[in-house]
There are 2 protein chains.
Amino acid sequence: MNHAASPASQTGAPNAPAALYQQVKDYIAREIQSGAWRPGDRVPSEQELVTRFSVSRMTVNRALRELAEQGRVVRVAGVGTFVAEHKPQSTLLSVVNLQDEIRMRGHDYACDVILVERVAASIEVAAALDLHTGESVFHSVCVHREDGVPIQLEDRYVNPRVAPDFITQDFRNTQPGEYLLRNVPYDQVEHVVDAISATAEQATQLEMPATQPCLLLTRRTWTAGVPVTFVRCLHPGNRYRLGSRFRADGNPAFG
Amino acid sequence: MNHAASPASQTGAPNAPAALYQQVKDYIAREIQSGAWRPGDRVPSEQELVTRFSVSRMTVNRALRELAEQGRVVRVAGVGTFVAEHKPQSTLLSVVNLQDEIRMRGHDYACDVILVERVAASIEVAAALDLHTGESVFHSVCVHREDGVPIQLEDRYVNPRVAPDFITQDFRNTQPGEYLLRNVPYDQVEHVVDAISATAEQATQLEMPATQPCLLLTRRTWTAGVPVTFVRCLHPGNRYRLGSRFRADGNPAFG
DNA sequence: TAGTGGTCTAGACCACGGC
DNA sequence: CCGTGGTCTAGACCACTAG
């Protein structure tokens with residue numbers, strides 16, 4: 001194995017050998033992927049890998065730490081490293097900011113704010129925002145358009161405790177979601193995707209036939225554990241889809 | 001700042017101070033989150049942080065590297081580290097293995113294999129699997145059930161070049177997707193989610209009314225760059241949803 | 001007590017980009 | 001040229017777990 005004095009392992013280097021930690025990582029990943037090491041099997045200890053690859057412990061440690069972050073191995077201090085049980089066959093789908101996504105496609109983005117009001121929380125909204133039924137909440141409805149075509153009907157509820165000035169904003173230039181992102185950034189988010197039919201009113205607002213199935217993206221966000229917003233985004237099924245591309249090595253590349 | 005001789009920063013330690021790299025990470029994350037450092041702003045160099053926090057460069061490097069992995073900063077070798085442009089408001093949704101998911105809920109899982117055949121690739125299938133139209137491909141159709149209720153109609157095409165024995169398998173005990181996972185593990189995957197209407201035949205197979213909107217999950221997988229399988233999973237909208245919960249600090253926790 | 005992983009240090013060499 | 005980040009080393013101390 002080549003050492004510190006060896007050719008570059010720099011990002012840009014064209015035909016450079018992989019970084020040492022990456023070589024160790026690849027080796028372990030291959031043993032797991034090939035089935036040579038089964039789930040639950042013990043992975044060689046850091047010290048064993050140090051001697052086997054003739055690298056320092058920090059290098060082996062980085063390889064194992066990153067594999068653990070990816071969920072391929074489980075590390076237990078004082079015990080050892082093990083092949084993760086049952087490669088949780090989960091994959092990731094990306095949910096991107098609509099405005100950025102549309103503009104990145106080079107298309108025109110517009111947002112019609114249909115409604116901004118203060119209402120009493122329904123049972124559902126109160127539960128979602130962790131408030132009492134009947135408490136005052138902010139409510140907004142907008143239609144987002146791509147090149148003039150409605151792409152999303154956004155039905156949003158906002159917790160006045162964390163965004164008291166929401167109701168007094170001028171939403172002609174900044175859409176509600178954008179305002180919240182800038183002023184009440186969240187640190188936790190929950191998403192749910194459903195396929196449903198639109199109501200007659202929703203179909204009208206989205207300028208689509210009522211028979212068209214829709215994608216419903218429901219999102220809740222929190223900041224420091226306090227609910228910020230609860231929003232239902234309704235997309236005509238023939239005008240919107242969620243997608244992702246994922247490479248095994250760790251970094252997802254979305255397209 | 002406390003040093004090597006300081007109290008534990010071990011995982012298990014109850015009231016131990018955070019690890020030094022974590023403290024540096026937290027500091028930078030706070031400056032960004034609070035808005036003190038705007039997108040595009042330069043983050044102090046590793047050397048500056050080393051002197052400011054009186055820690056070693058490796059420690060600062062780990063903090064910055066992990067922030068870069070999370071997409072909060074962008075690092076350019078030879079130039080510097082910068083606050084990431086407009087936190088690409090993307091979030092992740094998990095797509096989990098259906099069989100595991102159902103069993104994890106404590107429900108009964110079953111799979112009816114409707115069909116396994118060899119067919120000539122249509123234009124669409126040929127494009128998806130990177131084959132020529134009319135080339136021979138394997139085709140299977142199954143219905144997956146949760147407690148007897150159809151949850152997914154799986155329409156799968158398999159590249160015979162990478163899974164030549166697919167057609168000769170006995171799928172009474174192992175379902176097609178499971179066979180592929182075990183024998184032709186993939187290293188790249190693409191997912192797309194749509195909301196569509198089921199055809200009459202599909203509605204019958206799923207034992208659902210034809211008017212019910214459906215979630216269509218289309219997946220393609222590759223191994224070493226070669227397409228493995230192209231599968232369309234159709235879910236009745238009222239019996240299935242995709243969901244995720246994401247914490248800001250890095251590791252998504254799905255529920 | 002011996003082995004494990006978790007963290008940290010104080011150096012080091014390298015490729016890159018801007019000056 | 002210098003400062004930047006990317007990587008690597010050969011040690012070190014610690015807490016935890018098991019025999």
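In what follows, every chain begins at residue 1, and chains take the letters A, B, ... in the order their sequences are listed.
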Give the stems involving DNA chain D, where a stem is 3 or more consecutive Watson-Crick or G-U wobble pairs (i with j, i+1 with j-1, and so on) under 3.5 Å.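 If one scans DNA chain D for consecutive Watson-Crick or G-U pairs, the stems found are C:1-18 with D:1-18.
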Just so I know, are the side chains of Arg72(B) and Glu66(B) near enough to count as touching, which here means a heavy-atom distance under 4.5 Å?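 No. Closest side-chain heavy atoms not under 4.5 Å.
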So do the side chains of Tyr179(B) and Asn183(B) get within less than 4.5 Å of each other, counting heavy atoms only?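 The answer is yes, as the side chains (C-beta and beyond) meet within the 4.5 Å cut-off.
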Salt bridge (Lys or Arg N to Asp or Glu O under 4.0 Å) pairs, two or more places apart, involving residues 29-42 of chain B: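 Output for this query is empty, none listed.
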Short side-chain N/O contact from [X] to OP1 or OP2 of [N], under 4.0 Å:
X        : N       : value
Tyr21(B) : dT7(C)  : yes
Thr59(A) : dT9(D)  : yes
Arg57(A) : dA10(D) : no

Considering residues at least two apart in sequence or located in another chain, which fulfil the salt bridge (Lys or Arg N to Asp or Glu O under 4.0 Å) criterion with [X]?
X         : answer
Arg52(A)  : none
Arg232(B) : Glu124(B), Asp155(B)
Glu146(B) : Arg105(B)
Arg75(B)  : Glu46(B)

Just how far, in rounded Å, is [atom2] of [N] from [atom1] of [X]?
X        : N       : atom1 : atom2 : value
Asn61(A) : dT7(C)  : CG    : C1'   : 8 Å
Glu69(A) : dG5(C)  : CD    : C1'   : 15 Å
Arg62(A) : dT9(D)  : CZ    : C1'   : 14 Å
Gln23(A) : dT7(D)  : CD    : P     : 12 Å
Lys25(B) : dC8(C)  : NZ    : C1'   : 16 Å
Leu49(B) : dG6(D)  : CG    : P     : 13 Å
Leu20(B) : dC14(D) : CG    : P     : 14 Å
Gln22(A) : dG6(D)  : CD    : P     : 14 Å

Please list, chain by chain and in numerical order, all residues satisfying ring-ring contact (aromatic ring centres under 6.0 Å, His included) with His191(B), sequence neighbours excluded.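 His191(B) satisfies ring-ring contact (aromatic ring centres under 6.0 Å, His included) with no other residue.
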Under the rule for ring-ring contact (aromatic ring centres under 6.0 Å, His included), what residues qualify as partners of Trp37(B), not counting sequence neighbours?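 With sequence neighbours excluded, Trp37(B) shows a ring-ring contact (aromatic ring centres under 6.0 Å, His included) to Tyr27(B), given in chain and number order.
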What nucleotide, of dC8(D), dT7(C), dT9(D), holds the atom closest to the side chain of Ala19(A)?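 Minimum distance to the Ala19(A) side chain belongs to dC8(D).
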Could you go over nucleotides 1-4 of chain C and give all protein N or O partners under 3.5 Å, atom names and distances?
residue: dG3(C); atom: N2; partner: Gly78(A); partner atom: O; Å: 3.1
residue: dT4(C); atom: OP1; partner: Ser45(A); partner atom: OG; Å: 3.4
residue: dT4(C); atom: O2; partner: Gly78(A); partner atom: N; Å: 3.1

